[in-house]
Structures are given as structure tokens and as C-alpha cells.
Amino acid sequence: MSQPNRELASTFTPAEIEAPLYEKWIAAGYFTPDANSNKEPFTIVIPPPNVTGSLHIGHALEHTLQDALIRMKRMKGFETLWLPGMDHAGIATQNVVEKQLTAQGFSRHDLGREEFVKKVWEWKGESGGAILEQMRRLGDSVDWSRERFTMDAGLSTAVLTIFKKLYDAGFIYRAERIINWCPCCLTALSDIEVEHSDDEGEFVSVRYGDGDMSITVATTRPETMLGDGAVAVHPDDPRYKEMIGKTVLLPLVNRMIPIIADELVDPDFGTGAVKVTAAHDPNDFEMAIRHNVPFIVIMNEYGVMAGTGTEFDGMDRFDARIAVVAKLKEMGRIVAQKRPYIHAVGHCSRCDTTIEPRLSKQWFVKVAPLAKAAGDAVRAGRVKIEPEFLAPRYFEWVDNMHDWCISRQLWWGHRIPVWYGPDDEVLVLGPNEKAPDGYSQDPDVLDTWFSSALWPFSTLGWPDESADLKKFYPTSVLVTGYDILFFWVARMMLFGLFAMDGVPPFRVIALHGLVRDKFGKKMSKSRSNTIDPLEFMDRYGADALRFSLARGANPGTDQTLAEEWVGASRNFATKLWNATRFAMMNGATVEGPLPAIESLNAIDQWILSRLSQTIAQADSLLESYEFARACDLIYHFAWDDLCDWYLELSKESFAKSDAVATKRVLGYVLDQLLRLMHPIMPFITETLWTSLTGGESLVIASWPVAQKTHLNKPAASLVAQLQSVITEVRRFRSDQGIKTSAKIPGRFIAPDQLAPYLGAMAFLLKLESGDFTPSAQLEIGAVKVEFDLVGTIDVVAERARLQKDLVAAEKDLATAKVKLSNESFMAKAPEKVLIEIKERLATTTADIERITVQLAALPSP
RNA sequence: GGGUGCUUAGCUCAGUGGUAGAGCGCUUCGUUUACACCGAAGAUGUCGGGGGUUCGAAACCCUCAGCGCCCACCA
């Protein structure tokens, strides 16, 4: 603390302080973690930012909360580390780059795989750099020099290692399966990449066979009948019992197909008879396996009919649907048509194309055993989900997870490390292994979540036993939105537990909600209600945005955000700026020891007491991820207690005496408060704090500590008394239409203990002492205030006011009396409540008496 | 269909058993040398409906009604 009390600009301009500060922090190396330090580690994983090249409001929220925790922990003496990354393999990235290519007039197929991947890298360099800049503006304290891309050597090694490990343990297998296929993206999609919506369709009932040997099936996808291998009914369905095991004619293709019995069929749905298209429907696939029904593929990868040997070959699947129905109609085989028929249809979450179930050879992860471990880790309390009410969602998913299809027919991503020999040998390669001549690698790449799941340890150097890994794994807390619980969080759990010998990747999963617009609507581009965090930072400053986001962040709950909110936060920052400037102008200092508590006046004692309460509560709230409540608490302490009361009550001291003790106390309170706020509003607090204290940086300052010895009830109740007198007198002045600035003669008649503070009150209330004959008076508790109002007072206003108070007091009295005369209450209510009610009875009785006297004393109208 | 959450002041939300809270907005007054991005004073609620438990319910239980999110193979 060398050069305190440097000057502050008279106006607060966020833009002027924010940019230079970030440079300062980076240059000083505050954010660089040291794996060899003996401090306790605190580690946070950063989810990969989105791929569009600009900071999304959701990431701004996430980053603010994470950074607040990191900054707090650093101040508490932890060795802190983010695990940053720009990973996003997969289709989203590929799509963005492809779009650019299309705009330039060529496709990725012209380029070839290698050139295309190069293009993606170029693009990621640019967009990644842009995002990085934007995050820095937000004030995050990430050491981005540690950032690693999924595709770089370190992570490739991790991917190869885990794949082989899983394969050798029997957790990865290849199988023919019905998968979700997007005929537009030409790729397989995992279950979670498919979005279901209720769409309009047609429910057609078609008669198969003729005469006695006919059966009517109902379907929403008539075109798939070309690939039917059977008709299924429920084994106990009396309508069809006789027909089971016989065959019927499949129209259009004129093939005889068997009628089979399977429990899966719901006899009450449709006609109770289902066509079985083994290669194009997941349910049918399962039945087909049980009953040996052939898999007949009738569509190619583009969703075009192919290989049926009918006139429909070459038609798009939707055209074929219409054509098939038309033809069947012609043949008189349509028994019923229900239209529109609303039913759930799967769509590609990227391009919205209707999903086509498709028979395909894919790689899978057998998740059941892994997911069991992931669920157990939470059940056993080794990993905590905050807030707890979101845990059922996690279990719901982890306990019912389907096997995970991990192969993707993309070019951008980790190539599946499987090689096929000339005679269909299958070889899985680990790091530094080479396939023999004549082997070729699987063309598919891995699902993006496969590599993302490795984040908590691959970024630390795994599979090497690095110093980082030893020190910083498992990570302390994962802060992320609940929407990504299934995509990312659960998968990190799966792989973390597996790869790290049962040690889960994080100790706590702290979930926040989504950011919505001010009407509570989910933000989306089509609604054009998206909020651009950059614009808000331009207009109001990064601190204001951070404070707004943190203040709205109740655990696991969505928050709304609107420009007014951010504006209000900026106002708060300005308030803080001005308060600190005022304090410094009046000589607030951090030099020398804090005076002994007993030597301080009650006002100083009170603010120290409130400060310690605030620190204790805010600290524990931040430690439990209750950002909103912590912010609220700090906000009210700073604005209400410090600015509105303490500074106002201290003005008289500053004006009339040298107020040495108060200057020191004020310096102390601001110093501590700025430390407390630094995690949420790093820029302004840094500027104010360095000016006030001359310290090097809040980033490396210590965290404020609540002082138990500062807690002071008598001082608190004395100040509460002062506050109620001041408020009452102000109210009286206001009701009487006396200007705030007007000085009026007035004096207090008060108990001795208030004597030292009457001057401060008079100063605040603009009361002038002197000889006068009182023309009006107020009684507030034990304090009497006499005024000389030149001219008459507004009796009507005052009477109305007193009447109102009287009514309220009488009501309170009645409530208290009812309770006290209730025998059950007296018998069963706890002592504490009893005393409280009795006190209330006493005070309201006194109030009524006092008000009645005052009313009587008023001149009659 | 399964899971889960929400319903409190005009708006957005806190509040988990003891006299209903905050921010913004609103009304009135005010440029008193920190701050008009401000200050002072003020108004505003059958706490979604209905039952129950309790001396006492916004809070706990049941039920109904709306809204939302996630998951899901209904042909």
C-alpha cells in the first residue's frame, strides 16, 4: 500500500477503465496457474464456446459465474485453474464452413477431405480468436495460453487412448442398427440430436391380401410398405388369432408375407395390425430380429426410393408416399384415410429435415455399465448436483440411457481409430500404433461429445501422468446450464469415471438456468429477441452486464434479462464510483490500524457490524452458488446502509471536525466492500480500490473476512432509532410541504444516549437550533421533536396521517390480542414467538396512546 | 406417455411455519457541493382455485386448473 488516494475522474466511464485493466492483469501474469505451488487447487472446466464466432448471452452468464468463483477462490488463497478450450468438432462447425464454401460457389466434395479440414482450421482460428477477444472484454480471468484444441496432438492422443481402452474393455462395438439418419446432412444422429414435434400427416388403412386371407394395417408411412417383411398382431388378439403363421399378399410388390405375433403390438391402436418394415423402423427392427423377418432396404442415403423394383424407384420419399396411396386407391385397397393426423415426427436438430430411420453399420458405446457408475457417483454423494432439485433429471437420463451411437459420417472430427484389413479384419489402434499395409481406416469420425467428454482430464495432459493432472484433477466445480446436463455433463461423468479409475471429473455440478428475454420467452433468432452481450458491454460496461447476469442467477432457474436491467446495474456502478470519490474527498483512508471498536461512535460501530454481517452472508451464499442472493445482499449494503445512511450520517462529522476515526472506518469499509464485490464487478472495483488504497491489484488481494468482534447489537438498535426519527421527520416535512432544502427551527428532546448524534440528525434534517416557541411537535418512540413552523401547519394532512397510523396500530393490537387470548396458542407456541407477540402488544399500545395524544393536540379544523 | 419445475405488487423475481419483500415501473416533492445513472416521501398483493394438517400456512400434504422445460420407438 504505497500511494493511497489517487484521484478519480468525476464521471464514471466504463470503457475508459475496462480495456487497460485487462491488459494489466494479463501482463502481470495473475491468471497463470502454477502446478507446483503448495496452495490448494481450485479447478473449473470451461464448456466450449459456440461456433458462430460471437459471444452468446448464455456463455456470458456462464463465464461471469465461473469467473466470479475463480476470482473469489484466488483471493482466498487457492491455486486456481480454468480448463479452457475451443473444442467443437462435429456437424455444427462443418455446416458453418460448408455454408461459406457454398457461398463461394463450390462444395466440400470439390476440395476433398484434407483440404476441407484445412479450411475448417482456418475458420476456427478466426472465429476462435474473435470469441476469445469478446470473453476478455467480459473480464474473465482465464489463462488462454493453455487453451487446447480437440484436434491437436495432445487431445488426439487422449481420444485414441480412451477409444482403445473402451474397446478392449468391451464397451465399444459395431453393429447393424436402425439409426436416425438425416438425408440432408447425410449423417447418423444420436437420439439427442433428434427433435420431435407434432406434425400433420395422414393415417392410412391399407388392406393386405384378399378375401378370407386379408388384413388391414394402418400406417402414417405407406411408402415403406414396399419394404414390408411381415404383418404383426398381438398374440392374444381374437380378431387375428386364426391368421397367425399364415401369409398374405403384399400389394404393389406382390410378395407373400407372414403374419406374426408380437407383444409389442397394441391391439387397441389403429386396426391392431402392424406392417413390419424391418430396415426402416426401430420397432419393426426389434420385432424382425425376434421373428427372422428379412431386412429389405428400399431407400438410399438421400431418402430416395431405390431397389424396390417398382415404378416408385427414383422418387423422393415424400413424393412416393403420395404416389403409393394414389396407386393403392386405384386398386381399391384403401380402407380408410384419416387426415390431418397429428403425430410425433423426428427432425434433425441442425437442419430440421425429417429423420429417416435407416439400417446401417455404426459404432456404439455400451453405456449401461458406464451410466450406472455415473448415476452411483451422484447417488453416493461423491458428486453433488446443485441445486438438488435437478438431480432427478440427471438420474432419469443416466438410468435409462440407450447405447450411444458414436460414429458420424462427417469430415470434421476425430477419425474413428479403427482399421479394416483385406479380409474384414478389424484393428483398433492406440497412440503411436500403425496399421499394417493393406488396411484402411474407417471413414467416419467420432461424435463431438466423445472428445468433449474427455475435457476434464485430457486438457490436463492425460494419458500422461502430468503435474497438472495430479494437482488439478478432479476439478472442483462444473458451472453450466441445465440444458447441457445430458449432452455434456453426463458424458464427462461416464468417461471421467472410466478413464480415471473411478474418480469422478468434478466434485460439484452447479447448474444455472437459461437467459430469457424480458417477457420470459426463450431467446431465438427467429423471434429476433436475442440479446447481444457485446452491445450491452458497449453501452453499459462489462461490470454492469456481469452484475445483471449474476444478480439474476438463482440456481437452476431461468432468468430474464432486458436492457433496463443492465442499465440499473450501470447505475449501481456509478453510485459506487461516486460514493468512493466522495469518501476519498473527505479523507477516507486505509493507513494505520483500525481504531479500537469501543472508542468508536455508534454509527461507526454500526457500519462495521453491518459490514461483517454482509461479508459473512455473501461469502456463504457465493460458496453455495447463490449468486442472485449474494448480489442482492451486497447491493443493499452498498446502496442503503453505506450510501444512504452511513455517508449521510457522517457528513456532519466531516463538515465540523477532523473525524479521524470515521475516516479510517470509512476507508476500511470501502476497502472490504470492494474486495467483496470484485468477483462480480472486477473492473470498477479494481479501479476504485487501487485509487483508494494504492494497492497493486484486487486480483491478488486477500478476500475480506467477517469480524465477529465487529458485530454490535446495541449500536444497531441505536442507529435504527436514529433512522426512524429521521424518516418520521422527513415524512412530516414532506407532508407539510416543506422543501427538503429549507432550514426550519427545530430541536430534539431525547434520551442521553442519543445526545452525541443529535447534531448529525439536525444536519441531515436541516433543523436549526435557537430560541423559538414550538408550533408543532412529533413524538417518535422516546424522541420528541419540536418545530417552529412559520405560519400554520397543514392540519388536515397531519390528521389524515395520524389517523392512518392509528388504524394500522389498532389492527396490529387486535391481532396480538387475539393471539394472546388464544389458549392453544399460549400453550403451544414457542417462547420466542410468545415474547415477540407480547412486545408487539406493548409497543402498539404505546403507539396508540401517543398517536391519540398527538391527534388531540392538533388544532381543530 | 414418463420426468421435472413454475403460478407472490403493473413487469421480472426472492421469500420454506410466526404481522407479505426486492429491483424496475408508478405518484408527489426536491438541483442541500458524491451522485438527476440522484435524493426524500408515498401508493400498490383474497401469495392460481378448493380441501386438509397446525395454536398459526405464501411456505407442509391432497386435489383441480393454467404455463414451461427435458425425455420418449406409439405404427
Side-chain angles (χ1 to χ4, degrees), chain A residues 8 10-12 178 191-192 196 203 217-221 224 232 264-266 269-271 273-277 281-286 343-344 346 357 389-390 392-393 395-397 400 402 482-483 485-486 513-514 516 518-520 522 540 544 551-552 554 556-562 564-565 567-586 628-629 632 635-636 643-644 647-648 651 726-727 730-735 737-743 764 766 808 811-812 815-816 819 822-830 832-834 836-837 840 844:
Chain A
L8 285 173
S10 61
T11 48
F12 166 54
I178 295 281
D191 286 350
I192 50 183
H196 293 265
F203 198 46
V217 299
T219 179
T220 53
R221 303 202 51 197
T224 61
L264 200 67
V265 180
D266 175 3
F269 189 87
T271 59
V274 190
K275 54 196 274 317
V276 179
T277 319
D281 183 281
N283 279 331
D284 296 3
F285 178 82
E286 280 179 34
H343 63 132
F389 72 76
L390 284 172
R393 281 194 186 205
F395 292 129
E396 232 278 301
W397 189 75
N400 301 305
H402 292 192
Y482 64 76
D483 57 328
L485 193 60
F486 311 134
L514 312 174
R516 295 163 174 276
K518 67 170 165 178
F519 303 109
K522 197 172 172 176
Y540 303 104
R551 193 181 193 180
N554 288 301
T557 310
D558 291 351
Q559 64 168 295
T560 53
L561 188 70
E564 302 95 283
W565 280 228
S569 298
R570 188 269 321 264
N571 295 354
F572 177 49
T574 309
K575 184 77 181 174
L576 205 66
W577 182 278
N578 284 313
T580 307
R581 201 163 59 89
F582 174 71
M584 285 167 59
M585 278 162 38
N586 282 288
R629 290 173 64 193
D632 206 52
Y635 177 93
H636 286 292
C643 293
D644 287 349
L647 289 181
E648 292 300 327
K651 274 180 178 170
I726 290 167
T727 305
R730 280 172 172 165
R731 189 233 90 221
F732 177 74
R733 292 182 54 129
S734 171
D735 284 357
I738 300 164
K739 285 190 174 182
T740 333
S741 55
K743 296 188 173 181
L764 258 189
K766 302 264 183 275
K811 198 182 148 203
D812 284 352
T815 320
K819 285 201 173 185
N822 181 334
E823 274 174 35
S824 308
F825 174 80
M826 295 303 282
K828 293 185 181 176
K832 204 180 125 193
V833 178
L834 223 63
E836 205 185 300
I837 303 288
R840 200 181 302 155
T844 45

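Chain letters run A, B, ... following the sequence lines, proteins first and then strands; every chain starts at 1.
- The base of B/C69 sits within donor-acceptor range of the side chain of A/Arg393, with an N or O pair under 3.5 Å.
- Atom CZ in A/Phe389 sits about 15 Å away from atom P in B/C70, given to the nearest Å.
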| task | Would you please test A/Asp558 and A/Tyr482 for side chain to side chain contact (heavy atoms under 4.5 Å, CB included) and show each step? | result | CA-CA 10 Å; A/Asp558 291 351; A/Tyr482 64 76; 2.8 Å; yes

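- If you measure from atom CD of A/Glu396 to atom C1' of B/U4, you get 9 Å, rounded to the nearest angstrom.
- Here the P atom of nucleotide B/C74 and the CD atom of A/Glu286 are 12 Å apart, to the nearest Å.
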Sort me out a list of protein N/O and nucleotides 37-40 of chain B N/O pairs below 3.5 Å, or just none if empty.
from	atom 1	to	atom 2	distance (Å)
B/C37	O4'	A/Asn571	OD1	3.0
B/C37	O2	A/Arg570	NE	2.7
B/C37	O2	A/Asn571	OD1	3.4
B/C37	O2	A/Thr574	OG1	2.5
B/C38	OP1	A/Asn571	ND2	3.3
B/C38	O3'	A/Lys575	NZ	3.1
B/G39	OP1	A/Lys575	NZ	3.0
B/G39	OP1	A/Trp639	NE1	2.5

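- Distances were taken from every side-chain heavy atom of A/Trp565 (C-beta onward) to each of B/C24, B/U12, B/U31; the shortest belongs to B/U12.
- The ring-ring contact (aromatic ring centres under 6.0 Å, His included) check on A/Trp577 picks up A/Phe12, with sequence neighbours excluded.
- Checking side-chain atoms of A/Arg733 against main-chain N and O of A/Ala742 turns up a donor-acceptor pair under 3.5 Å.
- Distance noted for atom C1' between B/A58 and B/G50: 16 Å (whole Å).
- With sequence neighbours left out, A/Asn578 forms a side-chain hydrogen bond (donor to acceptor under 3.5 Å, both in side chains) with A/Arg581.
- Distance, A/Lys651 NZ to B/U33 P: 9 Å, rounded to whole Å.
- For the pair A/Leu764 CG and B/A34 P, the interatomic distance rounds to 12 Å; values are reported in whole Å.
- Looking only at side-chain heavy atoms (C-beta outward), A/Phe285 and A/Thr277 stay at 4.5 Å or farther from each other.
- Rounded to whole angstrom, the span from the CG atom of A/Leu514 across to the P atom of B/G5 amounts to 16 Å.
- Nearest-nucleotide positions on RNA chain B for A/Thr271 and A/Asn822 put A/Asn822 closer to the 5' end.
- With sequence neighbours excluded, the residues that form a side-chain contact (heavy atoms from CB on, under 4.5 Å) with A/Glu564 are A/Lys518, A/Ala562.
- The shortest distance between side-chain heavy atoms of A/Asp281 and A/Pro357 does not fall below 4.5 Å.
- Each of A/Arg516 and A/Ile726 has a nearest nucleotide on RNA chain B; the 5'-most of these lies closest to A/Ile726.
- In this structure, A/Glu396 and A/Phe486 have side chains that are not in contact, with every pair of non-hydrogen atoms separated by 4.5 Å or more.
- Here the NZ atom belonging to A/Lys766 is positioned 9.0 Å from the OG1 atom belonging to A/Thr740, to the nearest 0.5 angstrom.
- Between B/A43 and B/A20, the two C1' atoms lie 16 Å apart (nearest whole Å).
- The residue A/Asp632 sits close only to the backbone: its heavy atoms come under 4.0 Å of sugar-phosphate atoms, none of a base.
- Helical stems involving RNA chain B, defined as 3 or more consecutive Watson-Crick or G-U pairs under 3.5 Å, span B:1-7 with B:65-71, B:10-13 with B:21-24, B:26-30 with B:38-42, B:48-52 with B:60-64.
- Between the P atoms of B/U4 and B/U63, the separation comes to 14 Å (whole Å).
- For A/Arg840 and A/Glu836, the salt-bridge test passes: some basic side-chain N is under 4.0 Å from an acidic carboxylate O.
- When the C1' atom is compared between B/G39 and B/U31, the two are found 10 Å apart, to the nearest whole Å.
- Nucleotides B/G52 and B/A57 place their P atoms 12 Å apart, quoted to the nearest Å.
- Nucleotides B/C62 and B/C70 place their C1' atoms 26 Å apart, quoted to the nearest Å.
- Out of B/A34, B/C69, B/G23, the shortest distance to the side chain of A/Met585 is found at B/A34.
- Separating the P atom of B/U7 from that of B/U16 is a span of 12 Å, rounded to the nearest Å.
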Detail all sub-3.5 Å separations between protein N/O atoms and N/O atoms belonging to nucleotides 14-18 of chain B.
from	atom 1	to	atom 2	distance (Å)
B/A14	O5'	A/Asn554	ND2	3.3

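- A/Thr224 is listed as a side-chain neighbour of A/Lys275, based on a closest heavy-atom distance under 4.5 Å.
- No side-chain heavy atom of A/Lys819 sits under 4.5 Å from any side-chain heavy atom of A/Val833.
- Taking atom C1' on both nucleotides, B/A40 is separated from B/G5 by 42 Å, rounded to a whole Å.
- Here the side chains of A/Met826 and A/Leu834 are in contact, with some heavy-atom distance below 4.5 Å.
- In this structure, A/Glu823 places its CD atom 14 Å from P of B/G56, rounding to the nearest Å.
- Atoms CZ (A/Phe486) and C1' (B/A72) sit 12 Å apart, rounded to a whole Å.
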